[in-house]
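Structure record follows, encoded as structure tokens.
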Amino acid sequence: MDGILALAAENLISPIILFFALGFAAAFARSDLSVPEAVAKGLSLYLLLAIGFKGGASVAAHGVDATLIMSLLAGLVLSFVLPFVAFGLLRMITGLSVIDAAAVAAHYGSISIVTFVTASSVLTAAGLVFEGYMVAVAAVMEAPAILSALWLVARAGRPATGSHGGSGRGLDAELLREILLNGSIVLLIGAFAIGAITGQEGLARIEAFIVAPFQGVLCLFLLDMGLVAGRGLRDTRGLLRPGLLAFGILMPLTGATLGLVAGGLLGLSVGGIMLMMTVSASASYIAVPAAMRVALPEANPAIYLTLALGITFPFNLTIGIPIYLAVAKVIFGG
Amino acid sequence: MDGILALAAENLISPIILFFALGFAAAFARSDLSVPEAVAKGLSLYLLLAIGFKGGASVAAHGVDATLIMSLLAGLVLSFVLPFVAFGLLRMITGLSVIDAAAVAAHYGSISIVTFVTASSVLTAAGLVFEGYMVAVAAVMEAPAILSALWLVARAGRPATGSHGGSGRGLDAELLREILLNGSIVLLIGAFAIGAITGQEGLARIEAFIVAPFQGVLCLFLLDMGLVAGRGLRDTRGLLRPGLLAFGILMPLTGATLGLVAGGLLGLSVGGIMLMMTVSASASYIAVPAAMRVALPEANPAIYLTLALGITFPFNLTIGIPIYLAVAKVIFGG
Amino acid sequence: MDGILALAAENLISPIILFFALGFAAAFARSDLSVPEAVAKGLSLYLLLAIGFKGGASVAAHGVDATLIMSLLAGLVLSFVLPFVAFGLLRMITGLSVIDAAAVAAHYGSISIVTFVTASSVLTAAGLVFEGYMVAVAAVMEAPAILSALWLVARAGRPATGSHGGSGRGLDAELLREILLNGSIVLLIGAFAIGAITGQEGLARIEAFIVAPFQGVLCLFLLDMGLVAGRGLRDTRGLLRPGLLAFGILMPLTGATLGLVAGGLLGLSVGGIMLMMTVSASASYIAVPAAMRVALPEANPAIYLTLALGITFPFNLTIGIPIYLAVAKVIFGG
Amino acid sequence: MQTHKAKRVEITIEAVMERRLAESLEKVGVTGFTILPVLGGSGRSGRWSREGQVSRASGMINVVCIIRPERLDSLLDAAFGVLDRHIGVVSVTDCEVLRAERF
Amino acid sequence: MQTHKAKRVEITIEAVMERRLAESLEKVGVTGFTILPVLGGSGRSGRWSREGQVSRASGMINVVCIIRPERLDSLLDAAFGVLDRHIGVVSVTDCEVLRAERF
Amino acid sequence: MQTHKAKRVEITIEAVMERRLAESLEKVGVTGFTILPVLGGSGRSGRWSREGQVSRASGMINVVCIIRPERLDSLLDAAFGVLDRHIGVVSVTDCEVLRAERF
Ligand SMILES: Nc1ncnc2c1ncn2[C@@H]1O[C@H](COP(=O)(O)O)[C@@H](O)[C@H]1O
Ligand SMILES: Nc1ncnc2c1ncn2[C@@H]1O[C@H](COP(=O)(O)O)[C@@H](O)[C@H]1O
Ligand SMILES: Nc1ncnc2c1ncn2[C@@H]1O[C@H](COP(=O)(O)O)[C@@H](O)[C@H]1O
Ligand code: NA
Ligand code: NA
Ligand code: NA
């Protein structure tokens with residue numbers, strides 16, 4: 001327990017967390033500090049390209065681990081299953097409607113790549129290695145949760161998106177294509193593949209761009225995330241009943257537990273297990289919200305965005321990640 | 001004198017000055033070369049984050065100097081006092097109205113962080129060290145001058161911003177909050193604090209982002225500044241009567257002299273004195289103009305922007321900084 | 001022949017080509033992956049600044065080669081002449097109107113700086129040096145082709161841009177100024193001059209910005225180019241008759257051949273010859289399209305943009321550059 | 001100068017619905033429109049801003065569509081089919097245009 | 001398709017006044033508006049452009065506000081209170097809207 | 001609140017023609033206008049978008065110009081002289097403005 005606290009404390013005073021906190025505080029104080037939308041998108045492209053490429057290059061270097069396929073499968077299953085867990089929890093401890101609960105559930109089954117990136121930075125700083133393909137596992141976990149959530153809505157007798165009305169849409173091929181080919185999945189998997197193909201030689205050519213400045217870029221991006229999260233939370237404070245708040249913290253812990261079990265069964269390294277916990281604990285705030293606006297427009301975006309970005313993201317960043325690392329170490333670390 | 005000229009000449013052929021000149025010339029030649037607004041803002045966020053963090057980390061490394069508090073106080077006083085000097089000078093040698101003169105005075109009491117950054121680059125290139133907290137001094141000097149200027153207007157019998165009329169505004173709490181929490185102050189002081197907290201360990205993690213590429217990013221930013229300054233000057237040439245022009249050069253020299261006295265009394269290093277001169281000599285072109293548009297909308301923005309960005313900024317960049325360094329060296333250098 | 005294929009194969013699996021392919025594929029699959037316009041422009045400013053500066057610094061280091069002036073002249077002549085070749089070829093093998101053919105011809109007489117950048121990266125990776133002033137040759141080749149194209153239209157009895165009608169425009173001084181002072185020329189030549197003036201000392205100060213991360217930035221930029229090219233090609237597939245397609249591949253080969261001759265006569269190094277081939281083979285997609293919209297608004301932009309960006313650019317990137325290198329090596333390499 | 005009566009329709013709609021709106025308009029033969037970016041706004045669901053946002057979820061766009069008066073109804077039908085359960089605003093203004101042959 | 005009469009108010013105002021305008025509008029009960037970015041322009045104080053600018057001082061925004069006709073006057077009062085000594089332009093157009101219950 | 005009749009002219013024109021349009025407007029005494037950015041659109045020449053674009057060739061801008069009714073004709077003449085053989089759309093709407101002395 002002491003070790004966890006020490007680790008958490010150390011994590012808390014890293015530049016990346018502090019820049020997130022700075023953004024958060026600035027938003028609450030209504031400072032006009034802001035990052036232009038184009039710059040924020042550019043930073044996120046950089047992070048996806050870098051983390052994907054490094055994962056691929058690492059796979060190229062260490063060879064394809066026997067558990068790679070199993071890990072991808074586990075990721076798929078987790079992403080499909082987590083929304084059901086989240087949905088159940090939400091219906092138990094909050095008064096959310098079926099549609100709102102399903103929309104929130106989709107976010108928690110999917111993943112937050114910045115949370116993943118931060119966790120991998122913490123691992124690197126702690127001198128721990130992890131399976132390079134974990135970034136691919138994260139990528140495959142982005143989309144399936146959306147399908148589970150739409151199924152939950154359909155089951156409740158409400159067509160996911162109106163074949164009713166004039167426009168005749170639905171979870172049609174078009175929406176499915178949009179979900180599977182959304183920009184962050186494509187760039188993450190594409191960069192992973194390019195890293196795997198070009199290997200260490202490719203890495204050597206672009207290392208100075210994607211490795212050395214990575215932590216610094218992450219600081220700037222987290223400053224922006226803090227600003228966006230803080231602004232969202234400030235404007236929707238009324239919304240956050242105790243039940244929702246509790247969910248925003250209980251759900252990542254639940255997800256992390258399932259991730260721990262999965263990672264343990266797969267026989268991953270301590271670092272790999274910690275990452276599996278982290279992605280399971282994290283909630284999407286880029287791809288899934290956009291999909292929900294198309295497929296479940298009646299769901300209130302303020303609820304899922306505030307939960308994912310305002311509660312769970314900061315929780316994972318500050319408290320969750322050190323806990324997951326400590327637990328993984330205690331149980332599986334030599 | 002020879003030494004000053006040699007130093008100035010050397011400074012003039014550094015890439016950063018030449019990129020500024022390139023932008024300036026391109027704007028005058030009506031080239032369509034331009035930096036997107038979002039990119040310019042992104043670059044300025046980078047510079048603020050980097051310079052703030054490095055200042056903080058340097059304080060962490062060298063310990064809190066006994067003169068830190070005194071220097072901050074000196075900065076505060078200078079920022080409050082300089083507008084009065086500027087206002088007097090303006091009323092003496094130009095025909096500006098009270099409101100226009102006060103608005104211009106606010107800019108010269110405040111500071112230009114890019115001028116500070118350039119000066120610190122020159123110091124680094126010259127192998128001189130300086131007190132890391134000078135960046136904090138620059139930060140505290142951003143806002144006070146605005147209050148002095150508003151007081152000057154109020155004294156002249158003109159309510160700073162209309163309690164007259166319907167909207168019932170004024171130098172209200174809201175405006176004060178906006179001034180004190182403007183984005184560049186918050187990021188500069190926030191990054192400084194994070195640098196001070198995480199120290200050399202934090203610096204090591206993001207050094208490759210904020211130290212190595214810094215000069216190059218500054219080149220790109222100064223190219224943009226040159227474009228903006230050149231465009232502004234080109235479009236408002238008619239405005240610049242000899243009196244205003246003279247002010248744009250006399251005032252930085254006056255400010256630098258006061259900065260020299262302050263720095264000398266504080267017992268700062270030669271580098272620190274030169275920076276104190278530079279910030280006193282520099283004029284704001286980001287935070288103060290925005291505050292003036294809110295508080296003194298009748299003041300003509302073309303006047304203060306052209307003076308600060310079109311005259312004083314290039315003057316400091318090319319001639320001022322080498323002079324300040326040479327003078328500081330001659331008087332206080334061993 | 002084997003050597004060429006091996007080289008091509010090696011080139012094809014470099015990260016830069018693969019990121020271009022990723023963008024291309026993502027666009028065809030209608031992924032919503034996209035780079036914000038401001039970020040794309042920012043990246044292109046970076047590339048121009050970096051490549052220009054490095055060229056200038058290299059000239060400063062190796063001294064002004066006797067052939068510098070001759071090479072610039074050769075570039076000028078090539079840029080004037082290539083449009084006639086292109087125009088003839090187009091009128092022979094495609095059914096394009098005079099105006100459309102002239103507009104396309106202007107693009108192929110001018111150059112694509114990213115193609116140049118990619119070729120110089122391939123040279124560096126292959127351990128070959130080249131004349132630093134080749135970047136200046138590329139710069140002088142941007143504009144002349146536009147004049148040739150306008151002359152072709154005028155000769156055909158159609159005033160290039162209406163002195164007819166009310167507005168009284170024409171290839172007036174204004175348009176000429178716009179063409180000669182377009183942003184990419186100004187930045188490229190400006191950065192070249194700054195590199196030449198500040199030399200190795202200047203380079204040392206900004207090396208960490210313009211050298212080390214260059215390849216990585218190029219990857220991100222080529223991802224964007226792939227997206228834009230793929231989107232363009234996807235939306236205008238119907239347009240590309242066999243004749244046009246053939247032109248899009250024959251013309252760069254023709255241009256490269258002329259470049260080979262010119263480079264050989266000038267006595268350039270193998271790397272220099274390969275670059276002369278590459279620029280001659282490449283087609284503009286930034287400066288010339290904008291000039292054509294002003295000067296020849298009746299020309300269909302879909303034709304010239306699709307050819308330059310959708311056919312010739314990918315051709316040069318993947319197949320052309322390795323061929324040009326191999327040919328230059330076989331003929332002129334010791 | 002000769003002008004012609006037309007309708008100016010401005011549709012403020014969620015950015016994620018852009019492709020669907022465009023396709024729906026094309027289906028009823030409306031192929032001319034211009035898309036303006038939106039920075040932020042306010043509505044029943046509160047204030048929002050694009051500052052620093054990465055996800056397209058919370059963004060809107062402004063689609064301007066100038067058409068001959070007789071085609072207004074089919075355009076509105078098409079737009080309404082997409083807007084449907086989505087947030088968004090449609091306004092129609094009378095206007096005059098140059099070069100009527102383009103509409 | 002059923003449409004309803006409304007007023008389309010477009011306010012071009014300095015970016016630094018955004019928050020004050022929004023608060024002023026909310027005070028008179030106007031909570032629906034959309035903000036469009038502005039690249040540049042020209043007026044009595046000359047030409048300006050946002051290109052390469054970092055300071056918010058010289059920027060403007062375009063606030064579009066669609067309301068029921070009977071609320072126009074209080075909206076204009078509110079806007080005028082903020083515009084006051086500031087530069088900026090207000091135009092009001094008659095328009096028709098879908099889904100009148102939203103305004 | 002006192003308002004005055006005016007005309008709101010919106011010109012969607014290629015970005016490369018911006019300077020020429022501005023100069024042409026100034027020549028006929030129109031010095032007040034606001035430029036809005038355009039993200040993309042669709043017309044007879046197909047769909048386009050500014051995403052990821054570096055060249056100004058394919059971009060458009062939206063120029064909004066509010067003027068006294070009596071100056072409409074000279075404005076349209078000036079605009080038409082520039083639009084000429086270029087793509088682009090011009091719409092004119094009746095509107096009311098505050099602070100008529102500004103137009
Ligand atoms: N009356 C209005 N005038 C202009 N834009 C509006 C209006 N009402 C809503 N909007 C826009 O539509 C978005 C969604 O509105 P709502 O569904 O009411 O939250 C708002 O954030 C505004 O951008
Ligand atoms: N007649 C007008 N039509 C459209 N926008 C205008 C007009 N007059 C002024 N503006 C806008 O308001 C800004 C300030 O105008 P001014 O106060 O006249 O300098 C200009 O730069 C334009 O963006
Ligand atoms: N009817 C219209 N309404 C609004 N914008 C249009 C319309 N027609 C054309 N545009 C705009 O003008 C551009 C060029 O149109 P076109 O010349 O028809 O290809 C389009 O891409 C649109 O941005
Ligand atoms: Na998850
Ligand atoms: Na000062
Ligand atoms: Na060429």
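Here is how names work: the chains are called A, B, and so on, in the same order as the sequence lines, proteins then strands, and each is numbered from 1. Note that these values count all heavy atoms, side chains included, but never hydrogens, waters or copies made by symmetry. Everything numeric in this text was worked out from a predicted model, so none of it was measured.
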Next on the checklist: Please evaluate residues C:F214 and C:L47 with respect to the criterion side chain to side chain contact (heavy atoms under 4.5 Å, CB included), reporting the C-alpha separation (whole Å), side-chain torsions for both, the decisive distance (0.1 Å), and the verdict.
Outcome noted: CA-CA 8 Å; C:F214 189 82; C:L47 295 177; 3.7 Å; yes
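With hydrogens and angles disregarded, a donor-acceptor distance shorter than 3.5 Å links the side chain of F:R68 to the backbone of F:F103. Side chain of C:T312 to backbone of C:G248: a donor-acceptor contact under 3.5 angstrom is found.
Partner of C:T115 under the side-chain contact (heavy atoms from CB on, under 4.5 Å) criterion, chosen from C:S120, C:P252, C:S282: C:S282.
Contacts of residues 28-55 of chain F with chain C at a heavy-atom distance below 4.5 Å involve F:S49, F:R50, F:E51, F:G52, F:Q53, F:V54, F:S55, listed in sequence order.
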Kindly list each side-chain donor-acceptor pair under 3.5 angstrom involving residues 26-35 of chain C, sequence neighbours excluded, with atom names and distances?
residue	atom	partner	partner atom	Å
C:S31	OG	A:L181	O	2.7
C:S31	OG	C:L33	N	3.0
C:D32	OD1	A:G183	N	2.6

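With a 4.5 Å cut-off on non-hydrogen atoms, C:F221 touches chain F through its side chain but not through its backbone. Neither the backbone nor the side chain of C:P301 has a heavy atom closer than 4.5 Å to any heavy atom of chain F.
A salt bridge does not link F:R56 with F:E14: every distance from a Lys NZ or Arg NE/NH1/NH2 to an Asp or Glu carboxylate oxygen is 4.0 Å or more. With salt bridges taken as basic N to acidic carboxylate O contacts below 4.0 Å, none links F:R20 and F:E23.
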